[in-house]
Structures are given as structure tokens and as C-alpha cells.
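Structure first, then comments.
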Amino acid sequence: MALFGAVFLALLAGAHAELSACKIRVTSKALELVKQEGLRFLEQELETITIPDLRGREGHFYYNISEVKVTELQLTPSELHFQPEQELVLQISNASLGLRFRRQLLYWFFYDGGYINASAEGVSIRTALQLSGDATGRIKVSNVSCQASVSRMHAAFGGTFKKVYEFLSTFITSGMRFLLNQQICPVLYHAGMVLLNSLLDTVPVRSSVDELVGIDYSLLKDPVASDSNLDMEFRGAFFPLAEGNWSLLNRAVEPQLQEEERMVYVAFSEFFFDSAMESYFRAGALQLSLVGDKVPHDLDMLLRATYFGSIVLLSPAVIDSPLKLELRVLAPPRCTIKPSGTTVSVTASVTIALVPPDLPEVQLSSMIMDARLSAKMALRGKALRTQLDLRRFRIYSNQSALESLALIPLQAPLKTMLQIGVMPMLNERMWRGVQIPLPEGMNFVREVVTNHVGFLTIGADLHFAKGLREVIEKNRPANTRDPLASSAPPPSTTAA
């Protein structure tokens, strides 16, 4: 009985689990590009390592090593790969660091000082980043594990006490190697938990698209890593800004990602586009009114001729009034995605009226318009853009079949008016696009769109329009300049 109850609860939870309308897959082919940019950033961070002064005594000799600075880094060879449970792992083997420090030696009354160069060789670093979603649905680096070790150090001592330094070099270099071991992981921990998270803060979660509509890219569950890719599932739902708590139930086919040939794949279901159109519908944006000179001259003449019998029966004060043509979408448009293409179905009312000055408008006719538009999606930079084209158009009367026959002469001019006057305005707004959940400074290039049944996928490569350092410095929290002061890893994450 308990087993039956557990199964029932599991099925109930699955039935109410929210479906993702936007999925992103980062494949292993992107890691080489990410590694190159990441290593440049990591080298700059490791150059900020500060090593405490090293003081000691050996017999009658007193020594002090201070002002240790990292002057050069060689972090190759290195490997960046996905790993289940850990998400992203960076392995650096046999790296080297160049150091410069100040030496001071006191033997009885004899003093020697100066600067000297040293090198740390056989540097090994293994750090793993774990990604998860926070309470707001934002992707975050939730944990950084680190192991670092320096196998050997060499310092070329010179000066008056060269022989003495060579005698003491074992003590000095061993101490410096120990201190260096203790400093690498705190820098990497700070880079992951603070700096990389400031980069991830630039990924849009719940933001406005324009003055009417917003987009919700909340992460629905933690990212999932395999040996070859990292998959992320986002809500991908639009909403009217005036109704921030409104949401549309997602009953669409869930998008699937199978490909791994490109660096990144993005998938959108029909719900993604349906929620956009329903949001604009609820915001009152899907209507158009043309009055007087806004109505094309040829169409104005045709409409007046068509309804001449009704117009001549009106009072002289109304006959020459400006004409009004109003289009109002009656229900939220719906998107259909098939391998053959993407279409949008729209049903709207068309009202024709005369608008006499300072008098109530006089309606001449009201009809229904059914239109089908083809939609072409494109990814430019990090914006998803749509271009619409009017394919099918039909008007009819909801009053009688006879009136529908009388409307046939209006089919062609109304369709032309839509193609010339309405579609360009609509496409101008659609071409502004909506941002994809991608960090600042990263763009998509060489994209390919593929349609499936109920969803589409876009494969693309990544391009760094800005360096990681530039973006992170722009968004770096003001109080986290010192990695040791702002955050410190647990002691177990640093291996001496």
C-alpha cells in the first residue's frame, strides 16, 4: 500500500511538473573557445596572488623574504571538460609561475638585500565548478572545489652572500612553495563564487522586452552535465507587464535537443511564441485604427464605392466624413511549427465606419478576417528575431452568406493594404527581437534553424564580443576586490 502511494505521488508530481519552453545545450565543442578566454582571465587573477612575508633564522643567519609578486604564468597544457555531478572541470598540469621578491639577510653585523627572480614549476591545479539555480531561477556557480600543488621551486640567488643563500635556499623555497600552495585555491574560489557569478548575473531572468511585455527565463531545474554537453531548461514564457503574476499554462510539445555538432543549441516550443502573442493580445497591442489620410487613397475610394448605397442614405453632414478602417484581433494568435515551416494563424474583425467631426461614428460594415502568416526565425548576436509574411487572407461576414459574396471585391485591396501598410510596421517591431539567456559579451554566430514537430532548434557557434575581464570588471561587486577578504574556500579545498 505504501508503495502504491509513493508511485501515485510520483505520477502526480510529474503531471504537475512545469514544462520547459526554451532549452539550451552547450556542447564540448564550445569548451576550447571558453578555455582560451577563461585561461586569459585566470592568468590575470593568479597574478593578484599575495604571499605573506617569509621570515626565519638558521643559526646566526636571519632572513626575510617580502614583496613577492607573480610576474609570469604558463598555464599550458590544460584541459576543460564536462563531468557528471561536477558540471565543469578545469585541469592544469605542469604549469609554471615566475616570481620576483625582495631578499634581506642579516649575519651578525653584515647585511645584504635586493631583489631576485624565482620560478615555481610543476604547478598542478584541478578545479571544478558546480552549477545550480537559485531561488529566483538564476543560474549560479553554487560550489567550487579546488586542489593545487607546486612540486618544486628554484631561486637564482646572487650577491655578497650567494653561498649563504644557496645554503638557506632549501628552507626559503620550501616555505615559499608552502605559502604559494595556500594562495592558489582561494583565488580560484573567489573567481568562481564571486567573479563568475557576477558574469552570470548578466543573464536575463525576468526582464522587459518593451513597454508592454516581459520575458521569464527562470531556470526550472539545475543544469545537467554529461560527458559531452551541458543542458539547461528555462521557463521561456512571456507575460504582460501590467499583469506581472499572469501565466499561461504550457500544453505544448516539450522541445528536445539531440544534436552535438555545433557549440550551442537553443530550442523553442510553440508555447514560447504563443505566450508572446497572448501577452501582446492581453496588453491591447493587437489592434490598428486608420482614419482619414491614413487610409490608402485607392482603398478609400473602393470602400466608398462598395458602400455607396449605405452612404447616400445618410445625412449630408456625414456623407463626406473621413473614413475609418479598424482591425482588432479577436483571440490570441496561435503558432504552429512543422518541419515544412512555421505559421501563425490570426482571426480579426475589420470595421469600416465614417467619422464625422463632433458626431458619433457611423458604422458601414463589420467583417471577419482570417489570415495565415509564415514566420522565419533568425538568431542575430543574442537576439531571436522573427520576420512575418502574409500567405493566406480571407474576409467574410458573420451576418449572412450574401454579404460575404459582396465582400469578395475587397479581398485583394485589403490584402494589399496589409502587405504594404501593416506588415512592415509589424516586422519592424518583431525584428528588434528578444534576448536569449546568454551572458553579456557572448554572441551567437553562423546559426542554422531547423524545424521539428511542435518546436524548432537553432544551432550556432559562440563568439566573445567582449573579453571576460572587461565584462566582469564592469559588473564586479564593489566590495570584493580582495579575494581573501571577500570569500574564502573551506580549508579542505586547498591541497598543499
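Note that the structure is a prediction, hence the values are computed from the model and not measured. Just so you know, residue 1 is the first one in the sequence shown, and it goes up from there.
- A donor-acceptor contact closer than 3.5 angstrom links the side chains of Arg469 and Gln44.
- Note: Leu462 CG to Met442 CE = 4.5 Å, rounded to the nearest 0.5 Å.
- In this structure, CG on Leu384 lies 15.5 Å from CZ on Arg432, to the nearest 0.5 angstrom.
- Looking at Gln287, its side chain does come within 3.5 Å of a backbone N or O of Gly284 through a donor-acceptor pair.
- Note: Phe82 CZ to Leu31 CG = 4.0 Å, rounded to the nearest 0.5 Å.
- Using modelled atom types and a 3.5 Å distance limit, the side chains of Ser226 and Asn229 yield a donor-acceptor pair.
- Checking side-chain atoms of Arg126 against main-chain N and O of Gln147 turns up no donor-acceptor pair under 3.5 Å.
- What you find for Ile436 and Pro204 is that their closest heavy atoms are O-CG, 4.1 Å.
- Looking only at distances, a side-chain donor or acceptor of Asn250 sits under 3.5 Å from a matching main-chain atom of Leu19.
- Atom CG of residue Leu196 and atom CG of residue Leu468 lie 7.5 Å apart, to the nearest 0.5 angstrom.
- Using a 3.5 Å distance cut-off with no hydrogens or angles, the side chains of Ser228 and Glu260 do pair a donor with an acceptor.
- Note that CE of Met367 and OG1 of Thr351 are 8.0 Å apart. Values are rounded to the nearest 0.5 Å.
- Nearest approach of Cys22 to Tyr217, heavy atoms of both residues: SG-CE2, 4.1 Å.
- Formation of a donor-acceptor pair under 3.5 Å by the Asp274 side chain with backbone atoms of Cys335 is found in this model.
- Rounding to the nearest 0.5 Å gives a distance of 7.0 Å between CH2 of Trp246 and OG of Ser275.
- Lys23 places no side-chain N or O within 3.5 Å of a backbone atom of Leu257 that could act as its donor or acceptor partner.
- Between the side chains of Ser340 and Asn451, not a single donor N or O lies within less than 3.5 Å of an accepting N or O.
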field: Derivation of the salt bridge (Lys or Arg N to Asp or Glu O under 4.0 Å) call for Asp389 and Arg391
entry: CA-CA 6 Å; Asp389 187 24; Arg391 291 300 183 184; 3.3 Å; yes
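- Only one option out of Asp134, Asn197, Asp222, Asp201 pairs with Lys140 in a side-chain hydrogen bond (donor to acceptor under 3.5 Å, both in side chains); it is Asp201.
- Smallest separation of non-hydrogen atoms from Leu379 and Ile458: CD2-CG2, 3.7 Å.
- The main-chain N or O of Glu259 is found under 3.5 Å from a side-chain atom of Arg25 such that the two form a donor-acceptor pair.
- Thr336 approaches Lys338 most closely through the heavy-atom pair CG2-CE, 3.9 Å.
- Checking side-chain atoms of Ser132 against main-chain N and O of Ser142 turns up no donor-acceptor pair under 3.5 Å.
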Query - CA sep, side-chain torsions, deciding dist, call: Asn143, Tyr189, side-chain hydrogen bond (donor to acceptor under 3.5 Å, both in side chains) - result: CA-CA 8 Å; Asn143 188 41; Tyr189 185 85; 5.5 Å; no
- Check step by step if side-chain hydrogen bond (donor to acceptor under 3.5 Å, both in side chains) holds for His81 and Ser28. CA-CA 7 Å; His81 63 272; Ser28 57; over 6 Å; no
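- Put simply, the side chain of Thr457 never gets that close to the backbone of Ala267: no donor and acceptor are under 3.5 Å apart.
- Not a single donor-acceptor pair under 3.5 Å links the side chain of Ser78 to the backbone N or O of Ile92.
- The minimum heavy-atom distance linking Thr386 with Met377 is given by the pair OG1-SD, 3.3 Å.
- A tilted orientation is assigned to the rings of Phe272 and Phe268, their planes being inclined by 30° to 60°.
- Under the 3.5 Å distance criterion, with hydrogens and angles disregarded, a donor-acceptor pair is assigned to the side chains of Tyr280 and Asp210.
- Between the Ser20 side chain and the Glu233 main chain, no donor and acceptor come within less than 3.5 Å of each other.
- No side-chain heavy atom of Val264 sits under 4.5 Å from any side-chain heavy atom of Asp461.
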